[in-house]
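To start, the structure under review is shown below, and the notes come after it.
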Amino acid sequence: MIDIQLTGLVKEFEVGKRILDGFSLQIEEGERVGLLGRNGAGKTTIFRMMTGQVHPDEGTIAIAPGKRLGLISQIPVYPEGYTVRDVLDTAFAPLHAMERELAELAAQMGETTDPQVMARYDKLTAAFELGGGYDTETRLNKVCNGLGIGADMRSRLFDALSGGEKTRINLARLILEDTDILLLDEPTNHLDLNATEWLEGYLERFKGTVLAISHDRWFLDKVVKRVAEIQDGKAELYSGNYSFYVEEKERRFQERLKQYEKEQAKIEQLEAAAEQMRLWAFKGNDKQYKRAINMERRIERMRTTDKPTKERKLATRFGEREFHGDEALVITELKKSFGARTLFEHINLEVAGGERIALLGDNGTGKSTFIKLIMEEEAPDSGSIYLGPSIRIGYLPQIIHFDRPDRNLVDTMLYAQNCTTQEARDRLASFKFRGEDVFKQVSALSGGEQSRLRLCMLMDSRINLLILDEPTNHLDIDSREWIEEAVEEYGGNLLFVSHDRYFIEKFATRVWMLENGQITDFRGTYSEFRAFRERQELLSRSACSQRGSKPSDSARCPPAPKGGASDPSRRSGLSPLLTTAPQPKRPGGTKELEKQVRAAERAVEKAEVRLDELSQEAEDAASDYLKLQDVYKEREAVEDELAHLYAQWERLAAELEEAKGS
């Protein structure tokens with residue numbers, strides 16, 4: 001069944017400048033499609049057409065009858081005084097209406113025996129239960145916890161929230177509404193890593209149709225199964241996720257380039273032949289003249305293929321300063337608070353030359369503050385930050401600021417850099433500021449363009465510590481890849497804050513995870529860090545299962561180690577072994593050893609029982625791939641643990657035998 005049918009869409013906002021020029025796209029029920037294109041290509045215009053906010057100049061839009069459409073970027077206006085909880089509750093408006101009618105019908109049944117009233121009550125009760133009317137609170141808590149909407153935020157006035165917070169609340173409301181078709185316009189822009197991963201998990205389970213505009217390449221890889229790119233106002237389709245799209249687009253480019261070169265070679269050959277025929281015609285051969293004319297017409301008909309082009313690679317790189325010394329950065333007992341709230345304390349870290357570090361953490365944990373402390377824009381409450389004597393910093397803040405935004409780009413370069421007008425224009429050109437663009441005021445640039453200009457100015461500095469705070473935030477994919485080109489050739493120290501997992505995976509060789517006021521220091525890539533944390537989670541869950549408690553029950557089941565500065569696993573990148581049996585003490589007689597052997601036996605028995613349970617769970621979940629994967633992961637963790645417990649049990653039993661013999 002077709003859920004969305006877009007046919008021949010044409011739209012121009014300025015005469016002669018068509019944004020869409022015959023765009024067509026068909027999306028089947030349950031499909032996940034990514035809508036790509038440069039900024040200004042018309043992606044959001046298509047969404048606005050589908051919701052009726054904008055009408056196409058030509059073409060048709062058809063949505064499957066009875067299907068509910070939800071758009072994340074559209075934030076409705078709510079009555080004055082509405083709290084976040086009130087907004088979220090609007091998702092259950094049909095259920096609340098049923099609830100009110102049920103109450104009225106119940107009151108009527110106390111006064112009458114009308115069978116129609118009773119039939120209506122029974123029918124409405126079934127519909128209320130089928131619609132999830134009895135578990136709305138559970139659903140709301142689950143979605144809010146996943147998106148980081150705490151109880152304190154739910155009590156705040158919706159109008160008092162930031163734009164990003166409103167977007168997050170609107171996403172939660174749409175999910176709770178359980179719409180059939182989700183239109184997602186940059187859904188991860190205001191989400192931290194945990195919330196983004198929760199959303200990805202939700203979309204994996206979502207049975208409806210998804211059409212997503214996103215610059216988050218990791219998100220696109222995880223969520224979409226097909227890509228539609230807007231090229232010259234039309235749709236170019238790719239049957240795969242983002243990674244497939246990148247490879248296939250390059251393959252198509254090379255194929256078109258070969259075809260173009262083949263045509264050009266043929267044209268050159270025909271032009272030479274036509275020229276020779278004209279020469280013969282000049283000598284009086286009229287037949288050759290006619291042949292030359294026909295051949296030239298044929299050549300003109302062949303000149304229909306434009307040479308395929310793509311963005312030029314960055315032609316410049318950071319000026320680097322050689323690093324001397326053992327330590328680039330040393331942080332000792334660092335603490336920072338704002339009022340009664342302590343962001344972090346007892347932070348101890350050392351950075352050697354050439355390291356590339358990703359500083360990660362949820363929104364509000366203090367990542368940007370941590371960077372500002374290094375940059376001396378904030379002062380610590382206690383502790384110290386030491387920079388090596390040869391360190392020179394290049395800094396790209398999250399919010400770009402220019403002292404004179406009224407200046408144009410050339411003047412900005414002249415005042416900030418020691419260069420001539422021609423050198424300024426050459427440098428700007430290498431950063432894709434060309435022609436009349438260099439005479440724009442800085443204030444007229446987009447956020448991405450301002451980041452690009454600031455990077456252009458940084459390139460002239462000789463640095464060996466580059467600090468980036470959300471460098472790809474709100475940038476389109478082309479701009480993100482452009483910044484990556486600038487960073488890729490840089491060989492000095494790199495410290496960056498980012499929620500862009502594609503960027504993190506590409507550059508990080510070390511991860512600092514800021515959470516609960518501490519920093520987990522992990523030496524390895526982002527994928528290795530994720531695997532490490534996932535293993536911790538599984539081991540913790542397995543231990544809790546054996547103790548009969550839940551992972552969230554901190555009183556009965558402590559959480560997995562956080563891997564702070566004193567955690568030895570941070571250096572090896574390996575998860576510490578989990579042991580449910582008590583650690584053995586030095587032998588203090590056979591009675592003490594007998595106790596330890598019995599405790600080890602009980603731990604082994606519990607692990608064996610859990611392993612049997614997991615084998616049964618695997619059989620029961622044979623048709624549920626996602627659940628089966630979770631069971632397999634936990635079973636692997638329990639098997640590893642059981643092998644460790646067996647070894648411990650055997651060693652204790654041997655010590656007991658030896659003690660009895662002596």
Side-chain angles (χ1 to χ4, degrees), residues 47 51 53 68-104 124 127-129 131-203 205-206 208 338-343 361-368 473-474 499 515-516 552:
F47 274 17
T51 56
Q53 296 173 278
R68 294 169 297 172
L69 197 69
L71 172 62
I72 185 180
S73 66
Q74 182 183 9
I75 303 176
V77 176
Y78 296 99
E80 186 178 352
Y82 256 44
T83 64
V84 168
R85 175 59 195 250
D86 293 331
V87 170
L88 295 173
D89 271 340
T90 62
F92 304 124
L95 291 172
H96 291 328
M98 287 186 197
E99 203 168 15
R100 288 191 295 271
E101 187 178 351
L102 282 170
E104 293 171 2
L124 202 59
F128 183 76
E129 185 173 357
Y134 294 111
D135 62 354
T136 56
E137 196 67 22
T138 301
R139 287 164 56 195
L140 187 143
N141 286 331
K142 188 175 181 180
V143 172
C144 286
N145 290 339
L147 291 174
I149 304 171
D152 56 336
M153 179 178 280
R154 291 179 226 176
S155 63
R156 292 170 60 188
L157 288 173
F158 182 77
D159 287 342
L161 300 181
S162 68
E165 289 171 328
K166 286 180 178 179
T167 301
R168 187 149 43 106
I169 302 305
N170 189 46
L171 173 60
R173 181 186 62 79
L174 281 178
I175 290 173
L176 290 170
E177 281 184 354
D178 198 21
T179 52
D180 303 299
I181 301 171
L182 281 176
L183 303 182
L184 305 179
D185 193 351
E186 294 295 347
T188 65
N189 263 2
H190 301 287
L191 302 182
D192 56 37
L193 288 176
N194 287 332
T196 298
E197 289 177 354
W198 182 90
L199 175 61
E200 290 167 352
Y202 169 80
L203 293 175
R205 299 185 299 274
F206 179 60
F338 287 102
R341 184 187 175 209
T342 299
L343 284 179
D362 290 347
N363 292 337
T365 54
K367 302 183 299 297
S368 290
N473 208 19
H474 302 295
H499 290 150
E515 56 189 352
N516 302 321
S552 58

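Please read these numbers as outputs of a predicted model, since none were measured by experiment. What you see below is based on every heavy atom in this structure, not just the backbone, and it leaves out hydrogens, waters and symmetry mates.
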Minimum-distance pair of heavy atoms, taken over all atoms of Ala91 and Leu176: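 Ala91 and Leu176 have their closest heavy atoms at CB-CB, 3.6 Å.
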Closest non-hydrogen atom pair, Gly366 against Leu343: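 Result for this residue pair: CA-CD1, 4.0 Å.
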Gap between atom CD of Glu99 and atom CZ of Phe128 - 0.5 Å precision: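 With rounding to 0.5 Å, CZ (Phe128) is 4.5 Å from CD (Glu99).
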Drop me the distance from Asn141's CG to Ile149's CD1, to the nearest 0.5 angstrom.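 Answer rounded to 0.5 Å: 11.0 Å.
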Output, in order, the C-alpha distance, side-chain angles, deciding distance and verdict of side chain to side chain donor-acceptor pair (under 3.5 Å) for Thr179 and Glu177. CA-CA 6 Å; Thr179 52; Glu177 281 184 354; 5.7 Å; no
Among Asn170, Thr51, Leu182, the one residue meeting side-chain contact (heavy atoms from CB on, under 4.5 Å) with Leu71: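 Exactly one candidate clears the test, Thr51.
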Where do Leu199 and Leu191 land on the side-chain contact (heavy atoms from CB on, under 4.5 Å) test, with the steps shown first? CA-CA 9 Å; Leu199 175 61; Leu191 302 182; 4.0 Å; yes
Between [X] (side chain only) and [Y] (backbone N and O only), is there a donor and an acceptor less than 3.5 Å apart?
| X | Y | value |
| --- | --- | --- |
| Arg156 | Val84 | no |
| Arg68 | Asp178 | yes |
| Asp86 | Thr83 | yes |

Which class fits the ring pair Tyr82 and Tyr78: parallel under 30°, tilted 30 to 60°, perpendicular over 60°?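 Parallel: the ring planes of Tyr82 and Tyr78 meet at under 30°.
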Tell me, yes or no, whether the heavy-atom count around Glu101 atom CD, taken from other residues, nucleotides or ligands under 6.0 Å, exceeds 12.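 Yes, enclosed.
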Apply side-chain contact (heavy atoms from CB on, under 4.5 Å) to residues Arg139 and Val143 and explain how you reach the verdict. CA-CA 6 Å; Arg139 287 164 56 195; Val143 172; 5.6 Å; no
